[in-house]
2 protein chains.
Amino acid sequence: MAWQSYNKTERQKRLVEYLESNPFLTDEDLAQIFGVSVQTIRLDRMELKIPELIERLKNVAKGTMSRPRTLSGGELVGELVDLDVGSRGISLLTVTPEMTLSKTQFLRGHYLFAQANSLAVAVIDAEVALTGLARVSFKRPVLYGEKVLARAIIKIKKGNKYMVKVTSQVKDEIVFLGKFLIFVASEEVVSQ
Amino acid sequence: MAWQSYNKTERQKRLVEYLESNPFLTDEDLAQIFGVSVQTIRLDRMELKIPELIERLKNVAKGTMSRPRTLSGGELVGELVDLDVGSRGISLLTVTPEMTLSKTQFLRGHYLFAQANSLAVAVIDAEVALTGLARVSFKRPVLYGEKVLARAIIKIKKGNKYMVKVTSQVKDEIVFLGKFLIFVASEEVVSQ
DNA sequence: ACTTGTTTTAGTACCTGGTACTAAAACATA
DNA sequence: TATGTTTTAGTACCAGGTACTAAAACAAGT
């Protein structure tokens, strides 16, 4: 065809440019644009470490979404799903390779703990909340690729002490249980 | 399980809330969150006219992306893929139902024309460019669901007159050819 | 012309995240 | 018990991929 065709190097350069300005393009779109096969585009993207469409869209969407419920200060481990401050909350953790023990697919336990603990702290309506005690129980190993849903609920409130219970599950299966005793610092202490 | 379960009305209300604050949640995530089946979530989304994940991500990403290459004034028909101002450009048009002739799946011809013409105008480096003449040829009908790739190239420039050729294709098949004679208004005329 | 390496394409198996449909089970209400 | 609604299961299919093997096409060197 009359349109200029590119060699590999130039095609890949333009591929990057096109996807930077328009991440909506599918491999099929790009194949048509460059006049090559879909397999060639996929080989290009693999070489250039350019993720697939749904990942690109997530990256764009994430880069711009303001999360009104993101914790100030300490980071929530997992994605916040729901937060009823003073009462209950839910978060979702997707297990990625860097969270797993080397040479295995098992999620490192501290991630489960961190997810539960950060959620427990999040449901408390306080600027500074510190975990005093935690009683936790790991029910079964969690694997790479699984998603952990954590639910936290405030059970008891006594003065500046909170007992928060967290139940974490994969599908219908409970994988982690935790009870957290959390202290809320009073305003005077904070301002000192 | 100890977590509160919802009736349909309440579940749907929360579903909307959850997806508004977090469009990344899949149907499987939501099924787990609400403790129902994936089919139920899909029925809910259908009732609520909530699109699937990839559409939600597109909506979020689109809502925030600044398109540095968007035309000022006149709207480009189709998505801009590449623009070499003064030389060449490419756009991609996805055929949607409202672009088709009633009771058929054929794309209305004026969309092909509009895509080609707007692209031709876009490649010219001018604030005001008006199409004087156009010679176009529709090679075959285009159907709902197909994507039209238009390529424009400036063939001749003479004073303030441009001859732009546009070739539109679906896959490898040419569906439209057009030659546009475009006049660029001089600055004096514009400022009057 | 032959050889070798690179690039591209074809084909296949499989996956995720869906739509859409039929059918049946479970539930709620009268 | 009957009826309507909600939920679930199963199946077929689709879009947009990953990943792999194998072969064709191409380019460069000899």
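Remember, it's a predicted structure, so these values are computed and weren't measured experimentally. First the proteins, then the strands, lettered A, B, ... as listed; each starts at 1.
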Checklist entry - Can you tell me if the side-chain N/O atoms of R11(A) get under 4.0 Å from OP1 or OP2 in dT8(C)? => result yes

Item to check | OP1 or OP2 of dT9(C) under 4.0 Å from side-chain N/O of T40(A) | outcome: yes

Checklist entry - Reckon R45(B) touches a base, only the sugar-phosphate, or nothing at all at heavy-atom distances under 4.0 Å? => result sugar-phosphate

Checklist entry - For F24(A), is the NZ or CZ atom of K58(B) found under 6.0 angstrom from the centre of its six-membered ring and inside 45 degrees of the ring axis? => result no

Checklist entry - Separation of L43(B) atom CG from dA25(C) atom P, in whole Å? => result 18 Å

Checklist entry - Does dT7(D) have OP1 or OP2 sitting under 4.0 Å from an N or O in the side chain of R42(B)? => result no

Item to check | Rounded distance in Å - CD1 (I41(A)) to C1' (dT7(C)) | outcome: 13 Å

Checklist entry - Rounded to whole angstroms, how far apart are CG on L30(B) and P on dT7(D)? => result 14 Å

Item to check | Integer-rounded Å distance: dG17(C) P and F24(B) CZ | outcome: 14 Å

Checklist entry - Looking for any heavy atom pair under 4.0 Å, which part of the strands does V38(A) touch: base, sugar-phosphate only, or nothing? => result nothing

Checklist outcome for this item: Value for NZ (K147(B)) from CG (L92(B)), rounded to nearest 0.5 Å, stands at 6.0 Å

Item to check | Protein-nucleotide distance (I54(A), atom CD1; dC15(C), atom P), rounded to Å | outcome: 17 Å

Checklist entry - Can you tell me how far C1' of dT8(C) sits from CD of Q12(A), to the nearest Å? => result 12 Å

Checklist entry - Tell me: CG of D44(A) to C1' of dT8(C), nearest whole Å? => result 10 Å

Checklist entry - With a non-hydrogen cut-off below 4.0 angstrom, is Q39(A) in contact with a base, only sugar-phosphate, or nothing? => result base

Next on the checklist: Categorize D27(A) for me: base, sugar-phosphate, or nothing, with a 4.0 angstrom heavy-atom threshold over every strand shown.
Outcome noted: sugar-phosphate

Item to check | Spacing of Q32(A) atom CD and D27(A) atom CG [to the nearest 0.5 Å] | outcome: 13.0 Å

Next on the checklist: I'd like to know if E55(B) and R45(B) make a salt bridge, using a cut-off of under 4.0 Å between side-chain N and carboxylate O.
Outcome noted: no

Checklist outcome for this item: The nucleotide from dT7(D), dT8(C), dG17(C) with an atom nearest the side chain of L53(B) is dG17(C)

Checklist entry - Does S168(B) use its side chain to pair, donor to acceptor, with the backbone of V148(B) at less than 3.5 Å? => result no

Item to check | Protein-nucleotide distance (Y6(A), atom OH; dA27(D), atom P), rounded to Å | outcome: 17 Å

